[in-house]
Amino acid sequence: MENQITIREVVTETDVAAFWEQLHIYHKRDIFPNPDNEDLEYFLGAEYHDHMMQIHNRLQDRCFFLFFHRNGRDIGFAIPVIFTSEDGKCFIMEFCVYPEFRGNGTGKECARVLLDWVKENGARYAELNHGSNERRRHFWETVGFIENGADEWGEPLMILPPTEDIPITVEILADPEDWQLKKLENGFLTEIGELPATEIKQEQLAEAIRDGKITFFMAKREYRAVGMCSVAKCFSTFACTDIGVFDDFYIEPVFRRKGIARKLAQAAQGWCGENSLASLTVCCAPCDEGMYQALGFYAQLGSTFAHIE
């Protein structure tokens, strides 16, 4: 059908070579227009190429090299990764419409065709990083994406929310180096107006977890972590024993108002009882007092609320 946009998956070696040629042009033209940018060298180099080909060729959670095709010509490309091992997330790594085909809604139509294609291939929802680019952020907003936290490097994320409700479970973080902890921490820090965590701070946090100074609870939607809280042990001269301090309370915006906050608070409170901590306290702003009371913190101690065991 004339003017219909379709997806053409890259399969042959000739197509792979053509795809990489267009990807390099895209990085030089649209992403790193300054030829002296140090990041450009990486994206044009062998390390990035080999890394992407490894993801492309793996059996699970692979990325796809796709061309947008219209009237017998390729007019753009995309690189989605469908994470079947998680909760059906599709992460859109790259999306490009060639300059000569931009305008008249072509980009939005390509995005809609892409989202239909990934859904047909097992994706339940989509996520991407807009790179702090306002034009790109606005484009994806018009497609239906909303801002939703930050990634493990502190870059802002957008999500086309899943429509399917999946039961949320809460578990204690086992791996202090878990990339999802870094992701949630950066989302939390960004929301409260702080800078993303540096590598040094991330390692200091991991060391504190390994030493048992702090315990994290992760709310998970299948594999994907969508929320967290922590309890740090400290000695109270008032109680003359260990107590817990409740902190790092964060749920990704799109997953709020689904009962996850209560699940996290109950898990932390239960863990404190099981580990003989005399109480669990939280410091909060006056505007949050009602929320914490609803979550079981009921004894007000100045500007602190305590859940007394």
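Centroid-to-centroid, the aromatic rings of Phe19 and Phe67 come within less than 6.0 Å. A distance of 6.0 Å or more separates the ring centres of His51 and Tyr42.
Under a 4.0 Å N-O distance rule, the pair Arg224/Glu127 qualifies as a salt bridge. A salt bridge between Lys183 and Asp178 is absent, with no side-chain N of the basic residue lying under 4.0 Å from a carboxylate O of the acidic one.
Residues passing the side chain to side chain donor-acceptor pair (under 3.5 Å) test with Glu185: none are found, sequence neighbours excluded. With sequence neighbours excluded, the residues satisfying salt bridge (charged side-chain N to carboxylate O under 4.0 Å, His left out) with Arg124 are Glu164, Glu222. Residues passing the ring-ring contact (aromatic ring centres under 6.0 Å, His included) test with Phe217 are Trp271, sequence neighbours excluded. Looking at residues two or more places apart in sequence or on another chain, you find no salt bridge (charged side-chain N to carboxylate O under 4.0 Å, His left out) involving Arg136. Taking the side chain to side chain donor-acceptor pair (under 3.5 Å) definition, one finds that Glu47 meets it with nothing, sequence neighbours left out. Qualifying side chain to side chain donor-acceptor pair (under 3.5 Å) partners for Asp151, counting only residues two or more places apart in sequence or in other chains: Asn129. Applying the salt bridge (charged side-chain N to carboxylate O under 4.0 Å, His left out) criterion to Glu109, with sequence neighbours excluded, gives Arg112. Under the salt bridge (charged side-chain N to carboxylate O under 4.0 Å, His left out) criterion, Lys220 pairs with Glu171, sequence neighbours left out. By the side chain to side chain donor-acceptor pair (under 3.5 Å) test, Asp74 pairs with Arg8, His69, sequence neighbours left out. With sequence neighbours excluded, the residues forming a ring-ring contact (aromatic ring centres under 6.0 Å, His included) with Tyr26 are Phe77, listed by chain and number.
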Show the atom names and distances, to 0.1 Å, of all donor-acceptor pairs under 3.5 Å that link a side chain in residues 231-247 to residues at least two apart or in another chain.
unit_1: Ser236; atom_1: OG; unit_2: Phe238; atom_2: N; d: 3.2
unit_1: Ser236; atom_1: OG; unit_2: Ala239; atom_2: N; d: 3.0

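Between the side chains of His130 and Glu155, no donor N or O sits under 3.5 Å from an acceptor N or O.
One N or O on the side chain of Asn34 and one on the backbone of Asp36 form a donor-acceptor pair closer than 3.5 Å. Although no hydrogens or angles enter the test, the distance criterion places no donor-acceptor pair under 3.5 Å between the side chain of Thr190 and the main chain of Gly187. Asn121 places a side-chain N or O within donor-acceptor distance of the main-chain N or O of Trp117, the cut-off being under 3.5 Å.
Counting only heavy atoms from C-beta outward, the side chains of Leu160 and Val143 never approach each other to under 4.5 Å. Taking 4.5 Å as the limit, every side-chain heavy atom of Phe188 sits out of range of all side-chain heavy atoms of Glu191. Residues Met52 and Trp20 meet the side-chain proximity criterion, which asks for heavy atoms closer than 4.5 Å. Leu189 is not listed as a side-chain neighbour of Leu195, based on a closest heavy-atom distance of 4.5 Å or more. Residues Arg102 and Cys96 are in side-chain contact: their nearest non-hydrogen atoms beyond the backbone lie under 4.5 Å apart. Using a 4.5 Å heavy-atom threshold, the side chains of Phe255 and Ile168 count as separate.
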Trace of the ring pair (Phe, Tyr, Trp, His ring centres under 6.0 Å) decision for Tyr48 with His27:
CA-CA 12 Å; Tyr48 173 73; His27 280 134; 5.7 Å; yes

Apply side chain to side chain contact (heavy atoms under 4.5 Å, CB included) to residues Leu40 and Lys28 and explain how you reach the verdict.
CA-CA 7 Å; Leu40 176 60; Lys28 289 187 287 186; 3.8 Å; yes

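Aromatic ring orientation, Phe145 versus Trp140: perpendicular (interplanar angle above 60°, classes split at 30° and 60°).
The other residues sharing a hydrophobic cluster with Trp179 are Tyr223, where clustering joins ILVMFWY side chains under 4.5 Å apart.
Atom CD1 of residue Ile79 and atom CZ of residue Phe65 lie 5.5 Å apart, to the nearest 0.5 angstrom.
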